[in-house]
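Heavy atoms only: backbone and side chains are in, while hydrogens, waters and symmetry mates are out. Chain identifiers are assigned alphabetically (A, B, ...) following the order of the sequence lines, protein sequences preceding nucleic acid strands; residue numbering begins at 1 within each chain.
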Amino acid sequence: MYNTLTRQKEPFVPLVPGEVRMYTCGPTVYHYIHIGNARAAVVFDVVRRYLAYRGFRVTYVQNFTDVDDKLINAAREMGLTVPEVAERFIAAYREDVRALGVREPDVAPRVTEHIPEIIAFIQGLIDKGLAYEADGDVYFRTARFPAYGKLSHQPLDELMAGARVEVSEKKENPLDFALWKKAKAPDEIAWDSPWGRGRPGWHIECSAMSRRYLGDSFDIHAGGQDLIFPHHENEIAQSEGLTGKPMARYWLHNGFVNIKGEKMSKSLGNVLLVRELRRQHDPMALRFFLLSVHYRNPINFSEELLAQAEAGLARLRTAVENLRFALGGAREGAVEPEVAEAVSTLRARFVAEMDDDFNTANAITVLFDAAREANQYVRRDAMVRGSVQAFLDLFAELAEEVLGLTLAPQAEASGEDDSFVAEVERLIAERQEARKRKDWATADAIRDRLNQMGVIVEDTPHGVRWRRK
RNA sequence: GGAGGCAUAGCCAAGUGGUAAGGCAAGGGACUGCAAAUCCCUGAUCCCCAGUUCGAAUCUGGGUGCCUCCUCCA
C-alpha cells in the first residue's frame with residue numbers, strides 16, 4: 001500500500017500478526033455529506049473489507065466530529081442545539097453511506113463522549129512542555145516537536161513562510177494550533193476543564209479517540225488528501241509528542257472528486273450531495289463509479305460518467321442474472337475442472353490487483369473478464385450446476401463481499417409487488433400462447449405492453465425470462 | 001514563494017523499460033419469428049521537443065496545459 005509518510009508503496013506488515021487496527025477520519029456532522037465525503041467512506045470501506053477478506057482481524061474505527069465551529073454555526077442558523085444538529089446529521093450520514101454499501105465501523109466514537117480523555121491528553125502535553133495555556137486556550141508548541149512536517153514533507157520554515165494562518169496574539173508561533181478553545185459566549189456549548197470552560201480543538205479528538213480504541217500505535221490511518229496538512233500532521237505531533245511512539249505505520253489518503261473538472265466547493269456552488277444523487281441514481285452505481293478509478297487519483301464526476309458507470313454495473317448484474325437463470329437449466333453435478341481452474345485464475349488476478357495498493361479499477365476489470373467467461377459458459381447447451389454455482393460464488397465473494405457491490409436482484413416483496421409479478425407472469429403466459437400459434441402481432445403487442453410496465457422480456461433457449469428495466 | 005499530482009482511443013481508465021488491459025459509446029457479424037441478453041470482430045504514431053537505452057507511454061532534461069495542498073474542507 002502507498003504510504004503518504006514515506007511516499008512509496010510498502011508491503012503491509014501489521015504490528016500484531018493477523019490483526020489490523022485502522023482509523024479513518026469521519027465526517028463533521030453539520031450538513032449532509034457530498035460525493036467527496038462518500039468517496040472516502042467507500043474507498044476505506046473497501047480497504048477494510050479487503051484486509052478482512054485477506055484474513056486479518058480488522059478493528060475499524062471512524063469518528064464523528066460532533067462539536068466544532070461549523071456545528072455551532074449550523075445550530076445557530078437552524079435554531080437547534082449543537083447536539084440536535086449532530087444527531088440529525090449522524091443519522092443522515094448513516095443512511096447515506098448504508099445506501100452506498102458502506103459497513104458500520106466497529107467503533108464510531110463521538111468527540112462529545114470523550115471529553116475526559118481529551119482533557120487528559122492535553123494535560124499530558126502541557127506536562128511535557130509540548131503545549132501551553134494562553135488566556136483559556138491551549139496551543140500545541142510546534143517548535144518543540146522537531147518532526148513536525150514529516151507527513152506533509154514540508155520543512156518547518158517553509159510552512160512558516162507560507163503560513164496564511166490567522167496570526168493570533170495568543171500563539172507563541174504561527175504554526176501552533178489549538179488543542180482547547182475557550183468558550184466565546186456563555187450559552188455556547190462547553191465543558192469545564194483545568195483551563196476554564198471551552199471545547200476541544202479539531203485535531204485533538206482523533207489523537208485522543210484513536211489512542212483510546214486502538215492504542216498508542218496502530219496500523220493504518222486514513223482520510224482525504226486535504227487532511228494531510230494540517231490535520232494529520234497535527235495528529236502526529238500530538239500523539240507522538242505525548243507517547244513518543246509512532247502513531248500509525250501507514251497513512252492512506254484518497255484523491256478528490258471534481259465536478260466537471262473543477263474542484264467541488266460551496267463558493268462554486270457545485271457541491272453534490274449524496275442525498276440528492278440517491279434520488280436520481282442507483283446508489284450502487286455511485287459506489288461502482290467511485291471504485292472505477294484508483295483511490296489516489298482524482299476522479300471527475302458528471303452525469304455522463306455516472307451513466308457509464310451505471311451501464312458497466314449493469315453488465316456485471318446481467319452476468320449474475322444469467323448465471324442464476326442458468327441454474328434452472330443446468331444438470332446436477334460438481335464443478336468441472338476447467339471451470340474451477342478459470343475461477344481460481346480470476347480470483348488470483350483479482351487478489352493480485354487488490355494487493356497492489358487496492359487497485360479497484362483493475363479489480364473491476366477482472367470482474368468484467370469473469371462476466372465474459374460466465375456468459376460464455378452459460379450460453380452452452382450443457383451446463384453443470386456446480387460450475388454455474390462456482391461463477392456465482394466468485395461474484396458473491398469478489399464483487400459483493402470485497403467491493404461491496406450488490407449484484408444480486410434486490411429482495412423484493414410487498415404484497416403490491418406480488419400482484420405485479422402475477423400480472424406480469426399472466427401476460428407472459430398469454431404471449432407464449434400467441435407465440436406457439438406464431439401470432440407474432442399479438443406476441444409483440446403483449447411485449448410492448450410489458451415494456452410499458454417497465455418489464456423487459458427475453459426469450460432464451462432455456463425458456464422465457466423477464467426483468468425490470 | 002514552497003510541496004505534490006495529472007496529461008493514454010469519441011468518453012472513462014489501467015499500465016512506471018520489452019511489441020498499449022478493461023468498461024461505456026459506435027460499426028459489422030452470429031443467435032432470434034422480430035427483439036432482448038449474450039458471444040465474435042473492428043479502434044491509440046500513449047501532450048510536444050530533445051536525450052539515455054538494443055529497446056520508453058514508462059527513465060532524464062526542457063516546454064505546454066490542467067489540478068491539489070500550504071486556510072475550514074473528503
Side-chain angles (χ1 to χ4, degrees), chain A residues 4 7 24-28 30-31 33-44 68-70 73 149 152-155 157-166 175 202 222-231 233 253-258 261-266 271 288-289 292-294 296-300 302 304-316 318-319 321-322 325 349 353 356 359-369 371-380 435 438-441 443-444 447-448 451 456-461 464-467 469:
Chain A
T4 303
R7 285 183 172 170
T24 299
C25 287
T28 300
Y30 70 110
H31 196 54
I33 59 165
H34 59 243
I35 185 160
N37 298 298
R39 186 180 194 189
V42 166
V43 156
F44 297 121
D68 86 328
D69 286 340
K70 291 193 289 285
N73 291 336
S152 49
H153 303 278
Q154 303 266 345
D157 49 346
E158 279 303 337
L159 282 173
M160 208 104 71
R164 283 185 277 165
V165 182
E166 182 188 343
L175 288 180
W202 175 37
Q225 243 156 31
D226 52 334
L227 296 185
I228 295 171
F229 190 91
H231 186 56
E233 195 71 70
H253 295 96
N254 67 278
F256 285 106
V257 178
N258 295 323
E262 287 184 312
K263 179 181 173 165
M264 186 167 37
S265 75
K266 280 185 186 162
V271 173
F288 182 91
F289 167 74
S292 67
V293 174
H294 185 92
R296 284 191 284 117
N297 291 344
I299 184 170
N300 203 14
S302 73
E304 189 199 347
L305 296 176
L306 187 55
Q308 285 186 13
E310 226 147 9
L313 179 63
R315 179 172 168 78
L316 298 183
T318 303
E321 274 177 40
N322 290 344
F325 187 75
R349 285 176 53 207
E353 294 299 351
D356 184 11
N359 196 330
T360 54
N362 278 348
I364 285 172
T365 288
V366 176
L367 293 182
F368 280 122
D369 289 344
R372 171 170 293 110
E373 292 188 29
N375 285 329
Q376 281 168 345
Y377 183 80
V378 150
R379 61 205 299 272
R380 293 186 192 178
R435 292 185 71 212
K438 295 195 191 292
D439 180 358
W440 307 126
D444 290 351
R447 185 168 64 197
D448 286 346
N451 208 277
I456 293 169
V457 185
E458 298 180 355
D459 305 323
T460 82
V464 184
R465 65 170 176 175
W466 64 277
R467 60 194 165 87
K469 265 185 203 167

Asker: Of all the choices, B:U38, B:A3, B:A74, which nucleotide is nearest to the side chain of A:R7 once you look at every atom?
Answerer: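 Given the options B:U38, B:A3, B:A74, the side chain of A:R7 is closest to B:A3.
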Asker: Under a 3.5 Å distance rule, please check whether A:N359 uses its side chain to pair with a backbone N or O of A:N362 as donor and acceptor.
Answerer: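 Such a contact is found between A:N359 side chain and A:N362 backbone.
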Asker: Hey, does A:N322 reach any base, or is it just sugar-phosphate, or nothing, if we go heavy atoms under 4.0 Å?
Answerer: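 Here A:N322 touches the backbone only, sparing every base.
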Asker: Work out how far the C1' atom of B:A37 is from that of B:G18, and round it to whole angstrom.
Answerer: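 B:A37 and B:G18 have their C1' atoms separated by 40 Å.
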Asker: So, does A:E233 use its side chain to make a donor-acceptor pair with the main chain of A:S152 at under 3.5 Å?
Answerer: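 Judged by distance alone, yes, a pair lies under 3.5 Å.
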Asker: Would you indicate, yes or no, if B:C6 has its OP1 or OP2 atom less than 4.0 angstrom from a side-chain nitrogen or oxygen of A:R296?
Answerer: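 No, outside the criterion.
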Asker: Please lay out, stage by stage, how A:R372 and A:D369 fare under the test side chain to side chain contact (heavy atoms under 4.5 Å, CB included).
Answerer: CA-CA 5 Å; A:R372 171 170 293 110; A:D369 289 344; 4.0 Å; yes
Asker: So do the side chains of A:Y30 and A:N73 get within less than 4.5 Å of each other, counting heavy atoms only?
Answerer: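 Side chain of A:Y30 against side chain of A:N73, heavy atoms only: no contact under 4.5 Å found.
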Asker: Taking the C1' atom of each, how far is B:A9 from B:A14, in whole Å?
Answerer: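 Nearest-Å result for B:A9 against B:A14 at atom C1': 14 Å.
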Asker: With a 3.5 angstrom cut-off on both distances, give the Watson-Crick or G-U wobble partner of B:A44, or none if there isn't one.
Answerer: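 The answer is none; no pair meets the criterion.
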Asker: Which is true for A:V257 with a 4.0 Å heavy-atom rule: it touches a base, it touches only sugar-phosphate, or it touches nothing?
Answerer: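 Counting heavy atoms under 4.0 Å across all strands, the contact made by A:V257 includes a base.
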Asker: When all nucleic acid strands are considered with a 4.0 Å heavy-atom cut-off, which category describes A:R379: base, sugar-phosphate, or nothing?
Answerer: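 Answer is base: heavy atoms of A:R379 come under 4.0 Å of a base.
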Asker: On a whole-Å scale, what distance lies between the P atoms belonging to B:A44 and B:C39?
Answerer: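 These two P atoms come out 23 Å apart once rounded.
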Asker: Starting at CG of A:D369 and ending at P of B:C40, how long is that distance when rounded to a whole Å?
Answerer: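 My rounded result for the distance is 11 Å.
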Asker: Starting at atom CG of A:D226, determine the distance to atom P of B:C70, rounded to an integer number of angstrom.
Answerer: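 Between P of B:C70 and CG of A:D226: 8 Å.
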Asker: Regarding A:G36, tell me which of base, sugar-phosphate or nothing describes its non-hydrogen contacts under 4.0 Å with the strands shown.
Answerer: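 Base, at least one base heavy atom under 4.0 Å.
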Asker: Select base, sugar-phosphate, or nothing to describe what A:V457 touches, counting heavy atoms under 4.0 Å on all strands.
Answerer: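 The residue A:V457 makes base contact.
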Asker: Could you measure between the two C1' atoms, the one in B:G22 and the one in B:G33, and give it in whole Å?
Answerer: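 Per the computed distance, 36 Å lies between those C1' atoms.
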Asker: Evaluate the side-chain proximity of A:V293 to A:R39: yes if any heavy-atom separation is below 4.5 Å, no if none is.
Answerer: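 They are in side-chain contact.
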Asker: Using the rule given for side chain to side chain contact (heavy atoms under 4.5 Å, CB included), can you reason through A:R296 versus A:T4, listing the C-alpha separation, both sets of side-chain angles and the distance that settles it, and then say yes or no?
Answerer: CA-CA 11 Å; A:R296 284 191 284 117; A:T4 303; over 6 Å; no
Asker: Measure from CD on A:E373 to P on B:C40 and round the result to the nearest Å.
Answerer: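 Taking CD of A:E373 and P of B:C40, I get 10 Å after rounding.
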Asker: Does B:G22 have A:F368 stacked on its base, where the ring centres are within less than 5.5 Å and the planes differ by under 30°?
Answerer: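 Stacking between A:F368 and B:G22: absent.
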Asker: Picking from B:C34, B:C69, B:A74, which would you name as closest to the side chain of A:N254?
Answerer: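 The closest nucleotide is B:A74.
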Asker: If you assign each of A:I364 and A:Q225 to its closest nucleotide in RNA chain B, which residue comes earlier from the 5' end?
Answerer: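 First, find each residue's nearest nucleotide; the 5'-ward one identifies A:I364.
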Asker: Is the distance from OP1 or OP2 of B:C39 to the nearest side-chain N or O of A:R315 less than 4.0 Å?
Answerer: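 So the side chain of A:R315 is within the cut-off, an N or O lying under 4.0 Å from OP1 or OP2 of B:C39.
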Asker: With rounding to whole Å, what would you report as the distance between B:C49 and B:A56 at their C1' atoms?
Answerer: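 Pairwise C1' distance, B:C49 against B:A56, rounds to 15 Å.
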Asker: For A:R465 and B:A37, is the shortest distance between a side-chain N/O and OP1 or OP2 below 4.0 Å?
Answerer: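 False: A:R465 side-chain N/O out of range (4.0 Å or more) of B:A37 OP1/OP2.
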Asker: A:N375 has an atom CG; how far is it from atom C1' of B:A37, in whole Å?
Answerer: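 Result: 8 Å.
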Asker: For B:A36 and A:R467 - does any side-chain N or O of the residue sit under 4.0 Å from the phosphate oxygens OP1/OP2?
Answerer: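 Looking at the OP1 and OP2 atoms of B:A36, neither is under 4.0 Å from any side-chain N or O of A:R467.
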Asker: Using whole Å, report how far OH of A:Y30 lies from P of B:C72.
Answerer: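 In whole Å, B:C72 P lies 13 Å from A:Y30 OH.
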Asker: Looking only at N and O atoms, is any donor in the side chain of A:H253 or the base of B:A74 less than 3.5 Å from an acceptor on the other one?
Answerer: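 Check fails, no donor-acceptor contact within cut-off.
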Asker: Under 4.0 Å between any heavy atoms, over every strand shown, what does A:K438 touch: base, sugar-phosphate, or nothing? Just pick one.
Answerer: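 Here A:K438 touches no strand at all.
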Asker: Send over the distance from A:E233 CD to B:A3 C1', rounded to a whole Å.
Answerer: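 Taking CD of A:E233 and C1' of B:A3, I get 12 Å after rounding.
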Asker: Which nucleotide, in any strand shown, forms a Watson-Crick or G-U wobble pair with B:G18, with both distances under 3.5 Å?
Answerer: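 Check on B:G18: paired to B:C54, both distances under 3.5 Å.
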Asker: Using atom C1' in both nucleotides, what's the gap between B:C40 and B:C59 to the nearest angstrom?
Answerer: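 Those two atoms are separated by 40 Å.
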Asker: Name the pairing partner of B:C66, where a pair is Watson-Crick or G-U wobble with both distances under 3.5 Å, or state none.
Answerer: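 Across all strands, the one nucleotide that pairs with B:C66 is B:G5.
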Asker: Can you figure out which of B:C40, B:A74, B:C72 approaches the side chain of A:P230 most closely?
Answerer: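 The answer is B:C72, which lies nearest to the side chain.
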Asker: Verify, without hydrogens or angle tests, whether A:N451 (side chain) and A:R447 (backbone) share a donor-acceptor contact under 3.5 angstrom.
Answerer: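 No: the side chain of A:N451 does not pair with the backbone of A:R447.
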Asker: What is the distance, to the nearest angstrom, from the CG atom on A:D448 to the P atom on B:G33?
Answerer: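 These atoms are roughly 18 Å apart.
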Asker: How long is the span from the OG1 atom in A:T318 to the CG atom in A:N375, to the nearest 0.5 Å?
Answerer: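 It is 8.0 Å, given to the nearest 0.5 Å.
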Asker: Rounding to a whole Å, what distance do you find between A:L367:CG and B:G22:P?
Answerer: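 Answer to the nearest Å: 15 Å.
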Asker: Protein within reach of the bases, or only the backbone? For nucleotides 10-16 of chain B, mark each nucleotide 5' to 3' as B, S or -, using heavy atoms under 4.0 Å.
Answerer: -BSSSS-
Asker: Between atom CZ of A:F288 and atom CD of A:E310, what is the distance when rounded to the nearest 0.5 Å?
Answerer: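 Rounded to the nearest 0.5 Å, the CZ-CD separation comes to 11.0 Å.
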Asker: When the C1' atoms of B:C46 and B:A20 are considered, how many whole Å apart are they?
Answerer: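 The same atom, C1', in both gives a distance of 7 Å.
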Asker: What's the closest nucleotide to the side chain of A:R372 if the choices are B:G33, B:G22, B:A74?
Answerer: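 Nearest listed nucleotide: B:G22.
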Asker: Taking atom C1' in both B:U71 and B:U8, compute the distance separating them and give it to the nearest angstrom.
Answerer: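 These two C1' atoms come out 35 Å apart once rounded.
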Asker: From the options B:C40, B:C72, B:U38, select the nucleotide whose nearest atom is closest to the side chain of A:Q376.
Answerer: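 Between B:C40, B:C72, B:U38, the one nearest the side chain of A:Q376 would be B:C40.
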Asker: Would you kindly compare A:M264 and A:A319 by the position of their nearest RNA chain B nucleotide and give the one closer to the 5′ end?
Answerer: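 First, find each residue's nearest nucleotide; the 5'-ward one identifies A:A319.
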Asker: Output the single nucleotide from B:C34, B:A74, B:A36 whose closest atom is nearest the side chain of A:D459.
Answerer: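 Within the option list, the nearest is B:C34.
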Asker: Give one of base, sugar-phosphate or nothing for A:L227, where a contact means two heavy atoms less than 4.0 Å apart.
Answerer: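 A:L227: backbone/sugar contact only, no base atoms under 4.0 Å.
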Asker: Among A:N322, A:T460, A:D459, find the residue that satisfies the side chain to side chain donor-acceptor pair (under 3.5 Å) test when tested with A:R465.
Answerer: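 It is A:N322, the one option of A:N322, A:T460, A:D459 that forms the side chain to side chain donor-acceptor pair (under 3.5 Å) with A:R465.
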Asker: Who is the Watson-Crick or G-U wobble partner of B:G33, with both distances under 3.5 Å?
Answerer: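 Partner of B:G33: none found under 3.5 Å.
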Asker: What's the separation between atom NE2 in A:H153 and atom CZ in A:F229, rounded to the nearest 0.5 Å?
Answerer: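 Rounded to the nearest 0.5 Å, the NE2-CZ separation comes to 13.0 Å.
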